[in-house]
Amino acid sequence: MERRSVLTLGAAGAAALVAGGAGLLASPAWADSPKAAEAARKTGADSLRGYGARINLPIGSALTPQDIEQWAEISGGQFSVVTGANAMKWQTVEPTTQGVYDWTDADQLVAFAHANHQLVRGHTLLWHNQLPNWLTAGVAAGTISKTQLWSLLEKHIFTELGRYKGKIWQWDVANEFFTDSNPSGINPNDWWVVNAGEDIIAQAFKWAHEADPHALLFYNDYNVTGEDGTNAKHDAVFAWVQQQRDAGVPIHGVGTQAHLDTQYGFDPQRFQTDLEHYASIGLKIAVTEADVRTFVSDATTQTPTDSLSQFAQPFEYSAMMQAAIAVPEVISFTVWGWTDADSWVPGTFKGEGYACIYDVNQQPKQAYYSLLQDLKIAAEGAPRRAPLPRA
Ligand code: 9MR
């Protein structure tokens, strides 16, 4: 297996690492910074982040304010990179009135990360969902023109990235633009595509790069590592990102959300092959929102109704982790919330839940131990046995 690149590489080494792809893109120096190395090393030894650090794979979680306020020990102790579940979305930071900001949740996240020596993934700048009402209503009423919409996005990006400049490792610049059809492509009905035109996507990456030149910029989506069965969405995203990079758009990586469901098929080999495919053109990859949902008795206890799903879930988490470990260009592995207690799943998928690696009472599940074991073996190798007797 190819060895992972080390976070402490000198500038020349880091530059060489990214030179394989679109050489035109100057790589942000994050992977080269002492801060990244420190964050990866500061660890509770026997934790996800502890073992991850030993192979230079930051392990992350999305965090809600509740995760930070009530369960800081796990939120801080198990993870070395954090994402705001909602804290940095436009609707959260500029909620009710244009120009009136509320940075409470985003500041809390960044301060928590700093206190716990964690890196931060910024999420997300350009998405059809969780936009402020004043923005969507203004566009619908015609009081915000297409030109003004471009200016407002530019202002949003420069304001938010400016506030946290140098503190965000990776930004999910654009989120969920591709259709789930076969073939897939940029969704012509997406709110941004309809109201601002498709070119806004590339422009958002350019503004983000200008606003914080050291941040790694990601295109983030679900079903982009073969989970759709056909690989159609992977193929479409791959082709688009390659084309954009060839045109000089500063896209440094692809985020694969990796929201799995035990009722659907999952092909671990395809998942890994698709990671390798992105890597083959010099892209970094982040697993950004991993979880594995299943059918449950009720939304409160989230007891799986099919006992086999208790085996399927850790298997799928583990398969994703093993693929991530095997592909050195995967630079972080993040779960979308670590406890079933505040997972997004029961509120979105009727009858489903149990998606996280800790249960509703913050107790680790088999999925947690499977991930820990994968990382431990990757970090330490399997223990040696006593020498065998002669045959
Ligand atoms: O976890 C987020 C949840 O609290 C919000 O209600 C939801 C709104 O759509 O967004 C969730 O996070 C999403 C993420 O931003 C993008 N990918 C899908 C995630 C789950 O919906």
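Order of listing sets the numbers, starting from 1, for every ligand and every atom in it. These numbers were taken from a predicted model, which means no experiment stands behind them.
Between F178 and Y219, the gap from one ring centroid to the other is short of 6.0 Å. For W171 and H252, the ring centers are positioned 6.0 Å apart or more.
Remark: R293 is not positioned above the aromatic ring of Y354, lacking an NZ or CZ atom under 6.0 angstrom from the ring centre and at most 45 degrees off the axis. For the pair K284 and Y278, the cation does not sit on the ring face, since its NZ or CZ is not both under 6.0 Å from the ring centre and inside 45° of the axis. The side-chain tip of K365 does not point at the ring of Y317 from less than 6.0 angstrom away and within 45° of straight on.
Near N175, meaning under 4.0 Å from one of its heavy atoms, ligand 1 places the atoms 16 (C). Which parts of ligand 1 touch Q130 is read off a 4.0 Å heavy-atom cut-off, strictly below it: atoms 5 (C), 7 (C), 8 (C), 9 (O), 10 (O). Set against the non-hydrogen atoms of E289, the atoms of ligand 1 under 4.0 Å away are 14 (C), 16 (C), 17 (N), 18 (C), 19 (C). Contact atoms of ligand 1 toward N86: 2 (C), 3 (C), 4 (O), 5 (C) (distance under 4.0 Å to a heavy atom of the residue). In the vicinity of N129, heavy-atom distances shorter than 4.0 Å reach the ligand 1 atoms 9 (O). Those atoms of ligand 1 with a heavy atom of E176 less than 4.0 angstrom away are 16 (C), 17 (N), 18 (C).
For K165 and D212, the salt-bridge test fails: no basic side-chain N is under 4.0 Å from an acidic carboxylate O.
Evaluated by nearest non-hydrogen atom to atom 13 (C) of ligand 1, the leading choice among W336, F349, W344 is W336.
Among the atoms of W127, none of the N or O lies under 3.5 angstrom from an N or O of ligand 1.
Not one N or O on the side chain of E352 forms a donor-acceptor pair closer than 3.5 Å with the backbone of F349.
The closest protein non-hydrogen atom to atom 11 (C) of ligand 1 is K89 NZ, 3.7 Å. The shortest contact between atom 14 (C) of ligand 1 and any protein heavy atom is with H123 NE2, 3.3 Å.
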